[in-house]
Structures are given as C-alpha cells and as structure tokens.
Protein chains: 2
Amino acid sequence: MHSYGQYCALAKTLDVLGGRWTLLIVRELLIRGACRYTDLRNGLPGIATNMLAERLRELEDAGVVEREDAPAPVATTLFRLTARGRELEPILQQLGAWGAPLLAQPARGDRFRTHWLTMPIGLHLRDRNPEAPPVRIELRTGDEPLTIETGDGRVHAKPGAAADPDLVLTGLPQAVMGLLLGKIDWNTAQRAGLRSEGDLKVLRRIQPEAAPA
Amino acid sequence: MHSYGQYCALAKTLDVLGGRWTLLIVRELLIRGACRYTDLRNGLPGIATNMLAERLRELEDAGVVEREDAPAPVATTLFRLTARGRELEPILQQLGAWGAPLLAQPARGDRFRTHWLTMPIGLHLRDRNPEAPPVRIELRTGDEPLTIETGDGRVHAKPGAAADPDLVLTGLPQAVMGLLLGKIDWNTAQRAGLRSEGDLKVLRRIQPEAAPA
DNA sequence: CGGCATCCACAGTGATACTG
DNA sequence: CAGTATCACTGTGGATGCCG
C-alpha cells in the first residue's frame, strides 16, 4: 500500500491498517488469540492466500502481529497480536457498532462464521444478575457451536460447545442475534426458524433491554 | 470497492468506509464542517480528482455525506456529513490516537495542513483552570493560522487567525505539537526552531501534564 | 473558477496452481 | 501446513479536457 504521505495521525494509522483485509485479520486475531495460518484463512472467506501472507508480513513489520513457533509436539507457526495490536480492540468494537445497522438488510450470499458473534456479544450484552450462579448458552448457527457464559457482570463468548448448557439456540445468525440483542421477540424469532432447547428465561438476564421471551 | 461479502458488522463498516481516501474525506468534513469540492481537494493533498468525486458519490449513497446547494450569492455545492457521518468522530479520534506514536519518526516529504491539528488538540488538551477568563493561542505552522481557545473546560481549535491572542507560536508542526502535548520542553522546542510571542505561562493551563515552560 | 469526466500507465488484488 | 509463483484483472494516481 502506498503511503498517504500526510503528517497526520489518522493518515499514519491508515498507512498501517488501511489496506484491504488488514483490519479483518486483526479481528480474527482478537477473537481467536494465537492462530495458525490455516485458521486465519478459514476465518477470512474470500481472501487470497498471497494476500494473507503479505498482510501478515506487513503487520509484523508494523509491530502489530508477531509470529511464534508453536510448542514442542505440533511444530507449526502461530500468529498473535502484540500489545500494540491488542490496543485496537475497542476501536474495532466501535467500528463494528457503527456498521451493525447494515446487518439488518437481507445480505444474501454473505458468508458467515459463528465466532464472528464473539465481539458483538461481549460489547452489547451484560449480566443483569451477577449474584446468581452463572449461566451458559450454546449457539448453533453456522460452522461451529459458540458458548456464551456470564461472569463478573459481563457476558463472554468463545468457540466450542457448552458443557451442560442452560439453553441451546439453533437457527440463522440474524434470528439468533436479533433475539439476543432484544431486537425481535421470541415469536418473531421462531417464525424466522429459530429453535430452542432449555430455559428461555435465562435470556432476560443478559438481553440489553426488556424483551419478551 | 468490492464488498467483503461477510455477515459481520466490522466487514460491513469496511465495505462503506474501507476504501482508499474514504476516512480521510470524513476527517476533512469533521474538521471543516460543510465544504466545497475544492476545499476538500486542498485538504487531501495527493488525491486524484476523479477519486474524490467517486468517493463523495459513494459516501452520499451510503448516507454518510449529503450535498447542499449553497445559499444565494455564491452558487456552489457544499458537502457535509449527515448525523450518521458525525457518529464517526470518536472513532476517528481513537484511530488517530493509535497512530500518534508514528508521527514521532522524521517522516520527511510528508505534506501538512494546519487544520489537521484540530482533532488532536480537542482530544488531548483540557483547560485546567476553567474559572479563569478564557485564553487564546494562535499557531502559525503551515498554510494558514489556527486559533486555540479554552471554553467550558475543554480546548477548541478552529482555522483562522486569533483576535488579540495571549500567545503566538510559530514553527514546525512537530515542535508546536510536541510543546503543546508536553512531549518536549520549551528549550527543546526552541532548538527545533520554535518561536513565541506573548505569555508562555498560558501553556501550562492546557498541557496534559506537568511540563516546563 | 468550481466540479467533475476521460484517458492512460501502473500498482494492487484475486483465483488458481504449485512446492518444501 | 504455510506459504510462493503466475497471471488476468481491477483500482489508483496523474494529466488533461470540458462545461456551466
């Protein structure tokens, strides 16, 4: 990427992060932590492999990403964010929040990965009853299950199936997220094909505002 | 710009704002408010004129920018941010803050416009003595003067010369900003060619931390 | 002059194939 | 698994021209 050549902090930021795919690579590393090249490619459907390799090199040169030779038995390379790279988390959250309304439109043909829900969940949901025992919800809405857990007043999500979940939600991402964020009620979600197993009441504990269950 | 085609809020944001020059156009409109095509081109040294026209059209389609036929005598078109576009201000400030360390390096050959200092000044400086009468500082460090004013505990900057300023600073942007942000002391700034006229004590009132005057 | 449209050389991008 | 190599294609930057 050619530099903007401007003595301006924003322009310098864009010199580093403004290239195509760059911020989406940072998104993957924020969500996943250290990952392999193949994991990154899988979380970035549509990227060309040479593009990923080149961007990782640029991010490494810029001090945003570092590579690490994985521990003994596996013998593979891991990519992870540096401290400087992790400073980008709140910025990516805000950028995502700005674009959230754009997800309302149909957007047919869009690719989806379940772990992309991690950031919006951590940003928009709160545990309204931190004193009570924690709850676990499993989402099945794409390539892999996602586990939602309450803890210290916040709501965390991480890839993988939940052990002994209080609730399991199965359906399209639009319906799952619409329900979790309180944008649509349970009847609407059901009409959109959402299915549930377990205790729907736990939803009220984490939804941002009053929403019917 | 080709869409990423991902059902992810960040990817949707980048579909709209991720193109080359796009966020720098938003920067100009945030700093300047409504401006003419020519003003934009002037604040974006290096941009190709067809690029500016195309990006403005895209931003208009996305509901970030709107155009307005200027009032009676002038007969020109003005471009301004919509409410949706103005929501980007805190995000651009954070992106700029992230890149601020990159301005420390020499960066020879970089173009500069004085009004680019508006955002960092509003972000990093505070009026430590809001009860006292307001102060005005004029910066002369590039193409046009910039006026800094205190008010309601904050520090604002706007293009143009100051009427009856308490202090006038003249020199390179690195030196001016280094002094204002307390990164360098007055002697260092002076060695970097900075000249002053007026009362240097007013600096302490707005500098982020203790710094010698 | 302000607000573009057109044209062209070239750098960036994306798909596929291949390799240690 | 983690890339490199190749190549067609598209986006970008610079110059210039046009039109009210």
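Letters go in sequence order (proteins before strands), and every chain restarts at 1.
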Enumerate donor-acceptor pairs with a distance under 3.5 Å from any side-chain N or O in residues 84-92 of chain B to protein atoms, sequence neighbours excluded.
residue  : atom : partner  : partner atom : Å
Arg84(B) : NH1  : Trp98(A) : O            : 3.1
Arg84(B) : NH2  : Trp98(A) : O            : 2.6

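For Arg80(A), the salt bridge (Lys or Arg N to Asp or Glu O under 4.0 Å) partners are Glu68(A), not counting sequence neighbours. In this structure Arg140(A) satisfies the salt bridge (Lys or Arg N to Asp or Glu O under 4.0 Å) test together with Glu138(A), sequence neighbours excluded. Applying the side chain to side chain contact (heavy atoms under 4.5 Å, CB included) rule to Pro45(B) yields the partners Gln6(A), Arg111(B), Arg113(B), Trp116(B); only residues at least two apart in sequence or on another chain are considered. Under the salt bridge (Lys or Arg N to Asp or Glu O under 4.0 Å) criterion, Glu66(A) pairs with no residue, sequence neighbours left out. Judged as a side chain to side chain contact (heavy atoms under 4.5 Å, CB included), and not counting sequence neighbours, the contacts of Ser196(B) are Leu167(B), Leu169(B), Trp186(B), Leu200(B). With sequence neighbours excluded, the residues that form a side chain to side chain contact (heavy atoms under 4.5 Å, CB included) with Thr114(A) are Phe112(A), Thr141(A), Asp143(A), Glu144(A), Leu146(A). Annotation: side chain to side chain contact (heavy atoms under 4.5 Å, CB included) contacts of Glu58(B) (sequence neighbours excluded): Glu54(B), Arg55(B).
Tested against Arg205(A) for a salt bridge (charged side-chain N to carboxylate O under 4.0 Å, His left out), the candidates Asp127(A), Asp166(A), Asp199(A) yield a single pass: Asp127(A).
Using cut-offs of 30° and 60° for the angle between ring planes, the Tyr4(B) and Trp21(A) rings count as perpendicular.
Residues of residues 29-41 of chain A that place a heavy atom closer than 4.0 Å to DNA chain D, in numerical order, are Arg36(A), Tyr37(A), Thr38(A).
Formation of a donor-acceptor pair under 3.5 Å by the Arg67(A) side chain with backbone atoms of Thr77(A) is not found in this model.
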Footprint string (nucleotides 9-20 of chain D, 5' to 3'): B base within contact, S backbone only, - free, heavy atoms under 4.0 Å: ---SBBBB----
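When all heavy atoms are compared, the tightest approach of Thr22(A) to Val16(A) is CG2-O, 3.8 Å.
Helix-axis bend for the helix from dC1(C)-dG20(D) to dG20(C)-dC1(D): the local axis fitted to the five terminal pairs at one end deviates from that at the other end by 30°, rounded to 10°.
First and last contacts of DNA chain C with chain A, using any nucleotide atom under 4.0 Å from a protein heavy atom and ordered 5' to 3', fall at dG12(C) to dA17(C).
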